[in-house]
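Can you keep this structure in mind? I'll have questions shortly.
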Amino acid sequence: MLSTGKNAPGAYRGMVHGVTDIMRSEGVKGFWRGLVPSLFGISHGAVQFAAYEQLKNWRRSKRGDKSELSNLDYLLLSATSKIFAGSITYPYQVLRVRLQAYDADRAYRGVWDAIVQTWKNEGIKGFYRGYVLAADISFVLTSGC
């Protein structure tokens, strides 16, 4: 329902129609499409936390004094770690969306096939399609991370 407009050809009329159509055409497996790439989403927080801690240690060593980091330090370090984590883990978002698309079962045979086709047809740029650095910065500044 999220991947098509309500007037698009083949769009689901509602939740019940979507569930019955997926069950009829793909079986239970259709409800789990895109799960593997979604599980990689967990890594985003881990990468961000590890980068943030390393950046804090680096900043403290550069300051040379034992005083606390400033609010600006925390803001910049958290924004940098968020951008870093987003840049590292973004390709899973592309794969997840592609595998959860309405016609994914016709386009891809699974995660590995989506990876191979994306690389073959688009190169590294394909894995970062839609990635906008400004969106990451905006999210960090508005979320207080």
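What you see is a predicted model, and the numbers here were worked out from it, not measured in a lab.
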Nearest-0.5 Å distance that lies between atom CG in Asp73 and atom NZ in Lys62:
13.5 Å

Flag side-chain contact, heavy atom, 4.5 Å: Val19 against Phe31
yes

Count the heavy atoms belonging to other residues, nucleotides or ligands that lie under 6.0 Å from CZ of Phe49, then report whether that count exceeds 12.
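For Phe49, atom CZ is not crowded (no more than 12 foreign heavy atoms under 6.0 Å).
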
Nearest 0.5 angstrom please: Ile83 CD1 to Tyr90 OH, how far?
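Between atom CD1 of Ile83 and atom OH of Tyr90 there are 14.5 Å.
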
Would you please name every residue forming a side chain to side chain donor-acceptor pair (under 3.5 Å) with Ser81, sequence neighbours left out?
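If we apply the side chain to side chain donor-acceptor pair (under 3.5 Å) test to Ser81, skipping adjacent residues, there are no hits.
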
Closest heavy-atom contact between Phe84 and Ala51?
CD2-CB, 3.7 Å

Indicate, with yes or no, if Leu99 and Val116 share a hydrophobic cluster defined by side-chain heavy-atom contacts under 4.5 Å among Ile, Leu, Val, Met, Phe, Trp and Tyr.
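Yes, it is one cluster - the side chains of Val116 and Leu99 are joined through contacts under 4.5 Å.
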
Nearest heavy-atom approach of Val94 to Gly126 is CG1-O, 3.4 Å

Side chain proximity check, Gln93 to His44, heavy atoms < 4.5 angstrom:
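Contact flag for Gln93/His44 side chains = no.
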
Within a radius of less than 6.0 Å around CG of Asn57, do more than 12 heavy atoms belonging to other residues, nucleotides or ligands occur?
yes

Indicate the atoms forming the closest heavy-atom contact of Ser87 with Tyr131, along with that distance.
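Here Ser87 and Tyr131 meet closest at OG-OH, 3.0 Å.
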
Sub-4.5 Å side-chain heavy-atom contact between Leu69 and Arg63
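Yes, at least one pair of side-chain atoms sits under 4.5 Å.
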
What distance do Thr80 atom OG1 and Gln48 atom CD have between them, rounded to the nearest 0.5 Å?
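Between Thr80 OG1 and Gln48 CD, I get 10.5 Å after rounding to 0.5 Å.
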
Specify the closest pair of heavy atoms between Thr89 and Ala85, including all atoms of both residues, with the distance to one decimal.
OG1-O, 2.8 Å

Parallel under 30°, tilted from 30 to 60°, perpendicular over 60°: which one fits the rings of Tyr74 and Tyr52?
tilted

Under the rule for salt bridge (charged side-chain N to carboxylate O under 4.0 Å, His left out), what residues qualify as partners of Glu122, not counting sequence neighbours?
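Partners of Glu122 under the salt bridge (charged side-chain N to carboxylate O under 4.0 Å, His left out) test: Arg98, Arg129.
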
Ile124 and Trp112: same hydrophobic cluster, using ILVMFWY side-chain contacts below 4.5 Å?
yes

I need the Gln54 CD to Leu77 CG distance, nearest 0.5 Å.
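Gln54 CD to Leu77 CG: 12.0 Å, rounded to 0.5 Å.
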
Let me confirm one number: the CG-CG distance from Leu72 to Leu76, rounded to the nearest 0.5 Å.
4.5 Å

How long is the gap from OG1 on Thr118 to OH on Tyr128, to the nearest 0.5 Å?
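Result: 13.0 Å between the selected atoms.
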
Linking I/L/V/M/F/W/Y whenever their side-chain heavy atoms sit closer than 4.5 Å, directly or via other members, would Phe127 and Val97 fall into one cluster?
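No; Val97 is not reachable from Phe127 via cluster members.
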
Salt bridge present between Lys56 and Glu53 (N-O < 4.0 angstrom)
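Salt bridge between Lys56 and Glu53, a charged N being under 4.0 Å from a carboxylate O: yes.
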
With sequence neighbours left out, write down each residue that passes side chain to side chain donor-acceptor pair (under 3.5 Å) with Gln117, or none if nothing qualifies.
Asp113

